[in-house]
Amino acid sequence: MRRARIALFPGSFDPFTNGHLDLARRASALFDRVVIAVAYNSAKVSLFTPEERVEMIEESVRGLRGASAMKFSGLLVDCARRIRAQAIIRGLRAVSDFEFEFQMALMNRRLAPRLEIAFLMPSQEFTYLNSTLVKEVARHGGRVSGLVPAGVERRLRARFARTGGKWASTK
Ligand code: PNS
């Protein structure tokens with residue numbers, strides 16, 4: 001029997017956007033399983049807890065064949081080893097993403113030479129989109145529908161209504 005092809009799609013996903021969803025869809029067409037892994041780092045301030053981010057991703061990818069979500073801490077390559085992933089998925093939106101991604105890919109390759117790193121391009125309509133911009137717009141009461149899945153939009157609204165636009169720092 002053929003070994004299942006498993007891809008690990010890591011990120012901060014604070015929050016998961018429609019650009020991330022677009023990449024997850026593309027990855028799911030190429031791999032049997034796509035594990036979307038939320039990195040948590042207690043030194044980094046984030047809007048949503050890792051558990052909230054995993055929940056939002058699970059909601060967003062419901063119905064997407066082979067897709068699931070989890071959180072991880074520590075090295076990405078160790079997480080990939082644990083779940084037996086053959087590849088890491090990263091998105092490239094523009095040339096500006098390339099330098100950091102290239103460095104990270106080479107470091108990961110040094111740490112785990114047999115792990116492939118696959119770069120996918122999101123649909124053109126999402127090339128300007130990132131989680132920081134989405135938070136900024138939502139924080140000031142702007143519309144983010146069409147930029148994030150409906151469940152994420154709901155939680156952003158609730159989070160900023162509760163904090164009156166202030167950053168709710170969670171780890
Ligand atoms: O969405 P992001 O913030 O661009 O994702 C970056 C992420 C989480 C993929 C990266 O910081 C990471 O892999 N962190 C885990 C720690 C690690 O393995 N660092 C070495 C990578 S070279």
Side-chain angles (χ1 to χ4, degrees), residues 6-28 30-31 33-61 64 67-123 126-139 144 147-149 151-152 155-156 159 167-171:
I6 303 172
L8 177 62
F9 177 21
S12 306
F13 304 121
D14 187 42
F16 194 70
T17 67
N18 281 345
H20 296 131
L21 182 58
D22 178 277
L23 293 172
R25 282 211 181 96
R26 291 172 196 277
S28 115
L30 297 171
F31 291 87
R33 284 180 52 207
V34 179
V35 180
I36 304 165
V38 173
Y40 69 95
N41 171 356
S42 54
K44 203 169 159 186
V45 173
S46 43
L47 180 62
F48 294 105
T49 65
E51 291 75 18
E52 288 172 322
R53 286 180 259 163
V54 167
E55 260 177 50
M56 284 186 274
I57 296 170
E58 275 170 351
E59 262 172 47
S60 310
V61 301
L64 193 58
S68 61
M70 64 177 282
K71 58 179 184 168
F72 80 101
S73 62
L75 283 180
L76 179 62
V77 292
D78 289 337
C79 174
R81 232 176 254 130
R82 277 196 301 276
I83 68 160
R84 297 172 168 277
Q86 294 98 335
I88 290 176
I89 302 291
R90 291 289 288 172
L92 276 184
R93 289 164 299 195
V95 179
S96 51
D97 284 339
F98 181 75
E99 198 165 327
F100 174 63
E101 293 300 332
F102 186 60
Q103 287 171 347
M104 218 164 48
L106 290 181
M107 179 58 80
N108 282 327
R109 178 168 284 172
R110 184 187 167 90
L111 296 170
R114 291 172 58 187
L115 189 62
E116 276 311 329
I117 294 121
F119 292 106
L120 298 181
M121 257 170 59
S123 166
F126 301 125
T127 46
Y128 67 96
L129 187 57
N130 67 49
S131 300
T132 305
L133 278 181
V134 163
K135 281 184 286 201
E136 183 71 4
V137 172
R139 184 156 67 100
V144 292
L147 303 180
V148 292
V152 174
R155 289 209 200 209
L156 278 167
R159 179 60 43 97
W167 207 252
S169 139
T170 54
K171 300 244 164 113

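What's counted below: heavy atoms across the whole structure, side chains too, no hydrogens, waters or symmetry copies. As the structure lists them, so they are numbered: ligands from 1, and atoms in each ligand from 1.
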Determine, using heavy atoms of Arg90 and all atoms of ligand 1, whether some pair is separated by less than 4.0 Å. yes
Any idea which heavy atoms bring Met70 and Cys79 closest together, and the distance? CE-SG, 3.9 Å
Heavy-atom contacts with Ala39 under 4.0 Å: which atoms of ligand 1 show up? List them by number with element. 8 (C)
among protein heavy atoms, the one nearest atom 22 (S) of ligand 1 is Met104 CG, 3.3 Å
In ligand 1, the atoms that come under 4.0 Å of a heavy atom of Met107 are 22 (S)
Check step by step if side chain to side chain contact (heavy atoms under 4.5 Å, CB included) holds for Glu52 and Leu47. CA-CA 10 Å; Glu52 288 172 322; Leu47 180 62; over 6 Å; no
Quick one: which of Leu76, Asn130, Leu106 has a heavy atom closest to atom 18 (O) of ligand 1? Leu76
Pick, from Ala37, Ser73, Pro10, Gly74, the option with the minimum heavy-atom distance to atom 15 (C) of ligand 1. Gly74
Taking Asp22 first and then Arg25, would you say they form a salt bridge - that is, a charged N and a carboxylate O separated by under 4.0 Å? no
Once you measure the plane-to-plane angle for Phe98 and Phe102, does it fall in the parallel (<30°), tilted (30-60°) or perpendicular (>60°) bin? parallel
Taking atom 11 (O) of ligand 1 as the reference point, report whether a protein heavy atom occurs under 4.0 Å from it. no
Check whether any N or O atom of Asn108, backbone or side chain, sits under 3.5 Å from an N or O atom of ligand 1, and answer yes or no. no
Which heavy atom of Ala27 sits nearest a heavy atom of Leu120, and at what distance? N-CD1, 3.8 Å
Quick one: look up the protein heavy atom nearest atom 2 (P) of ligand 1 and list residue, atom name and how far away it is. Ser12 OG, 3.5 Å
Which residue supplies the protein heavy atom nearest to atom 19 (N) of ligand 1, what is that atom called, and how far is it? Leu75 CD2, 4.1 Å
Residue of the set Glu99, Arg109, Arg90 for which side chain to side chain contact (heavy atoms under 4.5 Å, CB included) holds with Met104: Arg90
Nearest heavy-atom contact between Arg53 and Ser12 is NH1-O, 2.8 Å
